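A quick write-up on the structure given underneath.
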Amino acid sequence: MINICRVFCKAALVLHPMEKSLPRPEILVVVKLWPVYMEMLREAFTVHDRIHVEDPAQFAELAPRIRGIAASGEAKVPESLIKQLPALEMISVFGVGYDGVDVAAARAHGVPVTNTPDVLTDDVADLGVALMLSIARRVPQADKFVRAGLWPSGPFPLARKVSGARLGIVGLGRIGQAIARRAEAFGMSIAYTTRNKKPDCPYAYYPNAEALAHQVDFLMVITPGGTATRGLIDAKVLAALGPKGYLINVARGSVVDQPALVHAVTTGLIAGAALDVFADEPQVPAELRAHDNVVLTPHMASGTWETRRAMANLALDNLQAHFAGRPLLTPVP
Ligand code: NAP
Ligand code: 8YV
């Protein structure tokens, strides 16, 4: 469907003589984007890359002509920016999470927002499981051990078994369910919490993260970010997870109370943590970087060539659909 739209849109841009003579829509890129996606945007639009921060004087001149914003999952699009763009027609997010966009303000200004759901689900679930295995089996630590020449004076300390263990998932949406399917193959018992209990879901439901944390060995966080989930994983939840429990966060740094997490891993309140996302990216607290029972990755859960291409196609297709007068493919609810 998406590829068909892409072909039609390209055909329209290439073949229609009237459209050829029309000025290309001007869009503002608000964050450093993947270069391949930037090239795709430049082929279709007149692109102003971060001029609102790099060159405010030029931005003031161009602002009345900007009709679209290209953002990412990490980007910020506050109401103050939306208000400065009187011709703004849409915001396209290269990512499924849109917590950085003030969607209510966009809606109030009649500006739809799109994101890239589904195409990245498998990769994010894969990395969630990889992080769980990495922290439990201490894969990065074992790698360091061999590289440092410590094997001859080994053995490497024993680790924690994952197969058959208890997994709690905070947020059982597209990605949470994909993680659960993978965990089933490991013979794990699976439980979850969401605001709304899922009818027909075979897994045990708990009404909140603290109740869930009491019952599991691994707590996997995969909710959206934003104000509704800020600090959802707090000191109480970490205490409930306990000294044998591991936290894995592939959602957003804001969902976990980071100072409470630093305290929990450095004092042994929990056994360890594996984290792809942080409160103030790309800054990672020194205590986490120094601690042995922590695995850290740089917000890379969707970072494969295949998935980033699919995300770029979908984010671009949404922009092109809008400017061609066609329905948006994946508007946020
Ligand atoms: P989704 O399908 O919308 O699922 C979100 C789930 O979170 C739903 O089950 C929702 O259920 C639950 N939820 C929402 N608020 C909650 C709360 N306060 N407490 C408990 N559960 C809550 O979204 P998705 O496609 O799975 O993506 C989830 C998130 O993953 C994204 O928004 C993004 O932040 C993150 N992500 C991270 C990366 C990365 O690179 N690390 C990549 C992609 C996505 P209810 O509505 O019933 O509560
Ligand atoms: C980023 C993400 O968007 O989809 C999301 O919500 O957080 C990621 O996929 C990606 O890293 C591009 O910035």
Side-chain angles (χ1 to χ4, degrees), residues 29-38 70-77 91-101 103 113-131 168-181 191-199 201 203 205-213 219-234 237 248-256 274-279 281-282 296-312 314-315 330-333:
V29 169
V30 293
V31 68
K32 187 172 184 185
L33 290 174
W34 184 38
V36 175
Y37 179 42
M38 280 297 286
S72 73
E74 296 96 334
K76 302 274 176 275
V77 184
I91 300 169
S92 170
V93 178
F94 174 82
V96 68
Y98 47 86
D99 45 289
V101 178
V103 176
V113 180
T114 60
N115 64 346
T116 60
D118 298 313
V119 294
L120 45 62
T121 294
D122 280 338
D123 269 0
V124 182
D126 288 352
L127 193 84
V129 172
L131 285 175
I169 304 178
V170 183
L172 198 72
R174 289 169 291 240
I175 301 170
Q177 290 174 44
I179 290 169
R181 286 194 294 276
Y192 75 102
T193 185
T194 47
R195 290 166 304 183
N196 311 292
K197 187 175 177 194
K198 298 204 164 291
C201 176
Y203 314 128
Y205 175 76
Y206 290 87
N208 56 61
E210 189 183 350
L212 178 66
L219 191 67
M220 178 83 68
V221 186
I222 186 63
T223 63
T227 48
T229 54
R230 187 169 297 280
L232 186 71
I233 307 302
D234 60 10
V237 177
I248 301 108
N249 186 9
V250 279
R252 285 287 182 269
S254 61
V255 185
V256 175
L275 311 166
D276 186 49
V277 285
F278 304 88
E281 295 173 6
L296 306 165
T297 52
H299 198 149
M300 61 168 215
S302 65
T304 65
W305 286 98
E306 295 82 355
T307 290
R308 288 287 165 84
R309 280 201 192 97
M311 290 165 66
L314 183 50
T330 48
V332 307

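Note that these values count all heavy atoms, side chains included, but never hydrogens, waters or copies made by symmetry. Here the structure is a predicted model, which is why all the values come from computation and not from measurement. Order of listing sets the numbers, starting from 1, for every ligand and every atom in it.
Atom CD of Glu281 and atom CD of Glu74 lie 6.0 Å apart (nearest 0.5 Å). Distance check, rounded to the nearest 0.5 Å: OH of Tyr192 to OH of Tyr205 gives 6.5 Å. Residue Ile169 holds its CD1 atom at 6.5 Å from CE of Met220, rounded to the nearest 0.5 Å. Note: Leu131 CG to Leu296 CG = 9.5 Å, rounded to the nearest 0.5 Å. Rounded to the nearest 0.5 angstrom, Arg252 CZ and Ile222 CD1 are separated by 8.5 Å.
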Could you go through ligand 2 and note, for every N or O atom, any protein N or O atom closer than 3.5 angstrom, writing the atom names and distance to 0.1 Å, or 'none'?
residue  : atom   : partner : partner atom : Å
ligand 2 : 3 (O)  : Gly73   : N            : 3.1
ligand 2 : 3 (O)  : Phe94   : O            : 3.1
ligand 2 : 4 (O)  : Val96   : N            : 2.7
ligand 2 : 6 (O)  : Gly97   : N            : 2.8
ligand 2 : 6 (O)  : Arg252  : NH2          : 2.7
ligand 2 : 7 (O)  : Arg252  : NH1          : 2.9
ligand 2 : 7 (O)  : Arg252  : NH2          : 3.1
ligand 2 : 7 (O)  : His299  : NE2          : 2.7
ligand 2 : 9 (O)  : Ser302  : OG           : 2.8
ligand 2 : 11 (O) : Glu74   : OE2          : 3.2
ligand 2 : 11 (O) : Arg308  : NH2          : 3.0
ligand 2 : 13 (O) : Glu74   : OE1          : 2.4
ligand 2 : 13 (O) : Glu74   : OE2          : 3.4

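Closest to atom 33 (C) of ligand 1, if we only count protein heavy atoms, is Arg252 NH1, 3.7 Å. With respect to atom 30 (O) of ligand 1, the closest heavy atom belonging to the protein is Ile222 CD1, 3.1 Å. In terms of protein heavy-atom proximity, atom 44 (C) of ligand 1 is nearest to Val96 CG1, 3.2 Å. Counting protein heavy atoms only, atom 42 (C) of ligand 1 is closest to Val124 CG2, 3.4 Å. The protein atom (non-hydrogen) at minimum distance from atom 18 (N) of ligand 1 is Thr229 CG2, 3.6 Å. Residue, atom and distance of the protein heavy atom nearest to atom 12 (C) of ligand 1 are Gly171 CA, 3.8 Å.
Contacts with ligand 1 closer than 4.0 Å are made by heavy atoms of both the backbone and the side chain of Asn196. Residue contacts with ligand 1, taken as heavy atom pairs separated by less than 4.0 Å, involve Thr194 via backbone and side-chain atoms alike.
Ligand 1 has a nitrogen or oxygen under 3.5 angstrom from a nitrogen or oxygen of Val250. Taking any N or O of Gly173, backbone or side chain, at least one lies under 3.5 Å from an N or O belonging to ligand 1. Checked against a 3.5 angstrom limit, the closest N/O atoms of Lys198 and ligand 1 fall outside it. Of the polar atoms of Leu172, at least one N or O is found under 3.5 Å from an N or O of ligand 1, judged by distance alone. For a threshold of 3.5 Å applied to N or O pairs, the pair formed by Arg174 and ligand 1 contains at least one separation below that value. Looking at ligand 1, you'll find an N or O of Ile175 within less than 3.5 Å of one of its N or O atoms. Distances between N or O atoms of Asp99 and those of ligand 1 include no value under 3.5 Å.
Of all atoms in ligand 1, listed by their number and element, those nearer than 4.0 Å to a heavy atom of Asp276 are 39 (C), 40 (O), 41 (N). Less than 4.0 angstrom separates some heavy atom of Val277 from each of these atoms of ligand 1: 41 (N).
Distances from atom 32 (O) of ligand 1 to the heavy atoms of Gly253, Ala209, Pro224 show the closest one on Pro224. Here atom 15 (N) of ligand 1 lies nearest to Arg195 when heavy atoms of Lys197, Arg195, His299 are compared. Between the choices Thr223, Asp118, Leu232, the shortest heavy-atom distance to atom 29 (C) of ligand 1 belongs to Thr223.
Legend: salt bridge (Lys or Arg N to Asp or Glu O under 4.0 Å) pairs involving residues 298-309, not counting sequence neighbours: none detected.
The two residues Asp99 and Gly225 make their nearest non-hydrogen contact at CB-C, 3.6 Å.
Distance alone, capped at 3.5 Å, places no donor-acceptor pair between the Thr223 side chain and the Gly171 backbone. Using modelled atom types, one side-chain atom of Asp276 and one backbone atom of Met300 make a donor-acceptor pair closer than 3.5 Å. Without hydrogens or angle criteria, Ser92 side chain to Ala70 main chain gives no donor-acceptor distance under 3.5 Å. Thr193 places a side-chain N or O within donor-acceptor distance of the main-chain N or O of Tyr206, the cut-off being under 3.5 Å.
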Inset, instruction - Show your working on side-chain contact (heavy atoms from CB on, under 4.5 Å) between Val237 and Leu219 and close with a plain yes or no. - result: CA-CA 10 Å; Val237 177; Leu219 191 67; 3.8 Å; yes
Legend entry - Criterion side-chain contact (heavy atoms from CB on, under 4.5 Å) on Ile91 and Val30, from CA distance to verdict: CA-CA 10 Å; Ile91 300 169; Val30 293; over 6 Å; no
Legend entry - Full working for side-chain contact (heavy atoms from CB on, under 4.5 Å) between Asn115 and Thr330: CA-CA 6 Å; Asn115 64 346; Thr330 48; 4.2 Å; yes
Inset, instruction - Applying side-chain contact (heavy atoms from CB on, under 4.5 Å), run through Ile233 and Asn249 and close with a yes or a no. - result: CA-CA 10 Å; Ile233 307 302; Asn249 186 9; over 6 Å; no
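Residue contact annotation: Ala251 has a non-hydrogen atom under 4.0 Å from ligand 1.
Considering Asp123, Asp122, Thr121, Thr116 as possible partners of Thr307, the one that fulfils the side-chain hydrogen bond (donor to acceptor under 3.5 Å, both in side chains) test is Asp123.
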